[in-house]
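As a basis for the values below, the full set of heavy atoms in this structure was taken, side chains included, without hydrogen atoms, waters or symmetry mates. Each chain gets a letter, A, B and so on, in the order its sequence line appears, and its residues count up from 1.
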Amino acid sequence: MSELKKVSEFIYEIEKKGEMNVPARIYADDALIKKMKEDLTLKQAQNVSCLSGIEGYSFVMPDGHQGYGFPIGGVAAMDYESGIISPGGVGYDINCGVRLLKSNLTHEDVFEQRKEIIDHIFKNVPSGLGSQGKVKLSSKDLDEVLMVGAKWAVEEDYGWKKDLKNIESEGSVEGDPTKVSNNAKKRGAPQLGSLGSGNHFLEMQIIDEIYDEKIASGFGLKEGQICFMMHTGSRGCGHQICSDYIQVMEGAYKKYNIKIPDRELVCAPIHSKEGEDYFKAMGSGANFAWANRQMITHWIRESIGSVIKEDPEDLGLDILFDVAHNIAKIEKHNGKKYCVHRKGATRAFWKGRGELPKEYEDIGQPVIIPGDMGTASYVMVGIKSSSQTFGSTCHGAGRILSRSAAIKKFRGEDIIKRLEKEKIYVKAASPKVVAEEAPDVYKDIHNVIDVCDKVGLAKKVARLRPMGVAKG
DNA sequence: ATGTTC
């Protein structure tokens, strides 16, 4: 690997050499870069810099770690005319993302009932590995979901009309069900409206710190406010779409004579049959995830309303925002079109950038960053300097301990007891998933967020502490 | 992340 140079307190670079088209740039402090050196993160960032059409840098966010081909926490912007698109640059969980619901509830409104609320949500939202939704979808319904995303769910009365405007791309990107395999549809159909497993979660949280009063107030957030966060994606549907197109790309990269330093970076020109097909299928996977989060939103509102015995609308359970962190999008930056791959990276658009809901046009985009279940999550805001990474920031704490190592080291029951002492109630499908997702298996979220904040990838607005967690 | 090896 080429030499890694520290260029400022929180920026490292691998200079452009050999097959690299651009340098790699890594946002990290000393502790975070040390972790990245322990796996293939940096090598993968260098590999990505060799891909056709990449401009600027091959970026790694502070929560970066090794992934399939591309690092997780990676951003790569490809020139729209000459660049490639790669399933590895998006990841298996297409449009994995986060949605935050606000409320007008306070600690005392919910503390006594926090277990009941979480249990109700847990019961009302199917979760766990292989979990199936409660809704029987016809193949026509599923095609509609793959075409229009969250809009389908709202039209079916899962949520409110006003929900759509507070979702990235209004919960709908260009998709094409005919580019999605029958297998992906078969896996997806029974899973729409389910949480899944692993790091996916539903949380009741309290805002315990505000960093920017003015922006928080613009977002309708204040200290002591109760919020509900969900973190989930496109389930087996997106996973299958990714697998299918990695196979397609195995043929395509050879067909188009694309040189790649790692087989896992298989790709095709954006303007090729294979590239266009993947882009549309990926869009359908993204739409599935947005419809999924929309249905879950409806059931969360229903659950809270039924425990608190009030109309969810009177409880102010509005969407702050819903943002993807595994997606490729065609975006204009500096007057030029790019295919921006964000894999474990969150879009962070600043005020005046466009493509934002009206209410945020003069504030900037809410950036929602999920942390681990024992520590915190954050709301940030996109700022002008977010443009250094084509409008992107981190997506979470970033795993440091493998799932298998976590299971060896922790017992789920112990973690649940420990968190209970900290007044965090955990309801999980299995103790195993709690061990796998123990707070200790993640990097320090505060640290990751601070690096993003200090280096200007986004600005801190509010911190949310978990009170109750439902996990698959 | 994931019908955790079609």
Ignoring hydrogens and geometry, is there a side-chain-to-backbone donor-acceptor pair from H65(A) to D39(A) under 3.5 Å?
-> no

Touch check for G233(A), heavy atoms < 4.0 angstrom, all strands: base, sugar-phosphate only, or nothing?
-> nothing

Take atom NE2 of H239(A) and atom P of dT4(B), then tell me their distance rounded to the nearest Å.
-> 9 Å

Starting at NZ of K432(A) and ending at P of dT2(B), how long is that distance when rounded to a whole Å?
-> 12 Å

Nearest whole angstrom, please: distance from the P of dT4(B) to the CZ of R235(A).
-> 12 Å

Rounded to the nearest Å, what distance is computed from the CD atom of residue Q240(A) to the P atom of nucleotide dT2(B)?
-> 13 Å

What integer distance in Å separates I246(A):CD1 from dT2(B):C1'?
-> 12 Å

Indicate yes or no: does D141(A) engage K136(A) in a salt bridge with an N to O separation below 4.0 Å.
-> no

Does the side chain of S131(A) pick up a donor-acceptor pair with the side chain of R235(A) at under 3.5 Å?
-> yes

Can you tell me how far P of dT2(B) sits from CG of L129(A), to the nearest Å?
-> 7 Å

Q132(A) near the nucleic acid: base, sugar-phosphate alone, or nothing, with a heavy-atom cut-off under 4.0 Å?
-> nothing

Measure from OH on Y245(A) to C1' on dT2(B) and round the result to the nearest Å.
-> 19 Å

Determine the contact category for S197(A): base if any of its heavy atoms lies under 4.0 Å from a base atom, sugar-phosphate if only primed atoms, P, OP1 or OP2 are that close, otherwise nothing.
-> sugar-phosphate

Determine the interplanar angle of the H333(A) and W350(A) rings, folded into 0 to 90°, and report it as parallel if under 30°, tilted if 30 to 60°, perpendicular if over 60°.
-> tilted

Assign N183(A) to base, sugar-phosphate, or nothing according to its heavy-atom contacts below 4.0 angstrom with the strands shown.
-> base

Could you check whether E436(A) gets within reach of a base, just the sugar-phosphate, or nothing at all, counting any heavy atom under 4.0 Å?
-> nothing

Could you give the NE2-to-C1' distance, from H200(A) to dT4(B), as a whole number of Å?
-> 14 Å

